[in-house]
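Before any comments, here is the structure.
Worth knowing before you read on, the calculation uses all heavy atoms, side chains too, and leaves out hydrogens, waters and symmetry mates. Below, chain A is the first sequence line, B the second, and so on; all start at residue 1.
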Number of protein chains: 2
Amino acid sequence: MRIGALATATGTTTKTLRFYEQAGLLTDPPRTPGGYRDYPAHTTARVDFIRSAQAAGLSLAEIRDVLAIRDGGQPPCTHVTTLLGRHLADVERRIAELETTRAMLRELTRTASTIAPETCTEGDICRILAAD
Amino acid sequence: MRIGALATATGTTTKTLRFYEQAGLLTDPPRTPGGYRDYPAHTTARVDFIRSAQAAGLSLAEIRDVLAIRDGGQPPCTHVTTLLGRHLADVERRIAELETTRAMLRELTRTASTIAPETCTEGDICRILAAD
DNA sequence: CTTGACCTTCCAGTGCAGTGGAAGGTCTAG
DNA sequence: CTAGACCTTCCACTGCACTGGAAGGTCAAG
C-alpha cells in the first residue's frame, strides 16, 4: 500500500501522513525498490486511531505517547497506567466543560424561542439576551 | 477598573485582554485622562463568558459572533437561533467523540489492570495492548 | 520513448491564540 | 523629585497541525 492509497483509505492527505511520520506517530514504513513508502494494510487502523483520538481533542504529542505504549515501548506498566489515567482525567474534564456549554447553549436557545416572534420585527434589533 | 485589575479578576493577562480587544471580543473601553483603559465592572462577566465558551472548544471567531448577537447587533432572531443551533450541534458532536475516547481509555485502563502484576517484571517490556 | 500519475525530499508559509520585549508615558508613595 | 508599579503602542515571535510548492525520481500505459 503506497502513501496515496493510505491517504485515500483514511481520508487524509499524503502531506499529512508524511507529517505524522516525521512527528513520530507513524513508524518509518518499508520502501519499494524505487524508494516509495509501502505500508502494511493495518496502518489504516493506526491512522484511523490517530484521527479519532484527535477528533476527541488529544494533541498529536499525546496521541504519540499513547501509540508508543501501544507499540510496546519502554515504559513500565505503572507508567502506562499513570499516562492512561492522566488522559482519562483530561477527557472527563473536557466532557464536563462541554456539558456546561451545552446547557448554556440550550438555555439560550430556549430563551430565543420564547422571545422571538413579537419583539423581532423588521428592522428591529434582536436581543435574545439581556445586557451583561 | 484598569486592565491589570480586570486581568487579575478574570485570571487572564493584560496581553490577552488587549488581544481580545484587537480581535473584536471586547469593545474599546473608555479611557482615563491619562490614556489608561477604564473598564466597567460588568466586563468581568464578559471575559468570564469568553473563557468558558473557549474552554468548551469554541474559537474566538465563534465567540465573537455570539457576543455580537449578545450586544444586540444587526442579525435577526432567525440568524441567532441558527447560530445557536449550529454551535449546539457542534458541541454535541464533540461530546459524542469524547465519550468514544473515554470508553477507549477506560478499556485500555481495564486491560492494563488485568495484565499488570506478573508480566511486567523489572526490565521487561510492558505490552498492555496487542499489536495492531 | 514519452506522457502522466504518483512518488521523493526540503523548505517555506498559514491560521489560531496568544506571548515577549522594546521604548516610552502616568500616577502614587516616600 | 524620584523610584516603582502600572500603563501605552508596536512589532516580532511561539507552538500546533498542517499545507503549498519547487525540483526531481519511478513506473505503467500507449
Query raised in the report: When all nucleic acid strands are considered with a 4.0 Å heavy-atom cut-off, which category describes B:Arg18: base, sugar-phosphate, or nothing?
Result: base

Query raised in the report: Can you check whether B:Gln54 has a side-chain N or O nearer than 4.0 Å to OP1 or OP2 of C:dC16?
Result: no

Requested in this report: Determine: side-chain N/O of A:Thr16 to OP1/OP2 of D:dT19, distance under 4.0 Å, yes or no.
Outcome: yes

Report task. Calculate the interatomic distance between A:Arg37 atom CZ and D:dC27 atom P; express it in whole Å. Result -> 15 Å

Query raised in the report: Less than 4.0 Å between a side-chain N and a carboxylate O, is that true for A:Arg110 and A:Glu107?
Result: yes

Query raised in the report: Under 4.0 Å between a side-chain N or O of B:Arg51 and OP1 or OP2 of C:dG18?
Result: yes

Query raised in the report: Closer than 4.0 Å, any side-chain N/O of A:Arg31 to the OP1 or OP2 of C:dT9?
Result: yes

Query raised in the report: Do B:Arg93 and B:Asp90 meet the salt-bridge criterion of a basic N to acidic O distance under 4.0 Å?
Result: yes

Query raised in the report: What heavy-atom pair brings B:Tyr39 and B:Arg2 nearest, and what distance separates the two atoms?
Result: CD1-C, 4.2 Å

Query - Between P of C:dC7 and OH of A:Tyr39, the distance in whole Å - result: 10 Å

Report summary line: A:Leu6 atom CG is separated from C:dT8 atom P, nearest whole Å, by 11 Å

Report task. Let me know the distance between NZ of A:Lys15 and P of C:dG13, rounded to the nearest Å. Result -> 14 Å

Report summary line: All heavy atoms of B:Leu25 vs all of B:Arg64, minimum pair found to be CD2-N, 3.7 Å

Query raised in the report: Looking at B:Tyr20, does any N or O in its side chain come under 4.0 Å of the phosphate oxygens OP1/OP2 on C:dA17?
Result: no

**Report entry** Nearest-nucleotide comparison on DNA chain D, the residue closer to the 5′ end among A:Ala61 and B:Arg2
**Finding:** B:Arg2

Report summary line: Here the distance between atom P of D:dC16 and atom CD of A:Glu62, to the nearest Å, is 11 Å

Query raised in the report: Any Lys/Arg nitrogen of A:Arg94 or B:Glu97 sitting under 4.0 Å from an Asp/Glu carboxylate oxygen of the other?
Result: no

Query - B:Ala5 or A:Gly35, whichever maps to the more 5' nucleotide of DNA chain D - result: B:Ala5

**Report entry** Whole-Å gap separating P (C:dT9) and CD (A:Glu21)
**Finding:** 7 Å

Report summary line: In whole angstroms, the gap separating C1' of D:dT8 from CG of B:Asp28 amounts to 14 Å

Report task. Classify the side chain of B:Tyr36 versus the base of D:dC6 as yes if they form a donor-acceptor pair under 3.5 Å and no if they do not. Result -> yes

Query raised in the report: Are any of A:Thr14's side-chain N or O atoms less than 4.0 Å away from OP1 or OP2 of C:dC7?
Result: no

Query - Whole-Å gap separating P (C:dG20) and CZ (B:Phe19) - result: 14 Å

Report task. Using a heavy-atom cut-off of under 4.0 Å over every strand shown, decide if A:Ser59 touches base, sugar-phosphate, or nothing. Result -> sugar-phosphate

Query raised in the report: Of the candidate nucleotides C:dC10, C:dC7, D:dA17, which contains the atom at the shortest distance from the side chain of A:Leu60?
Result: D:dA17

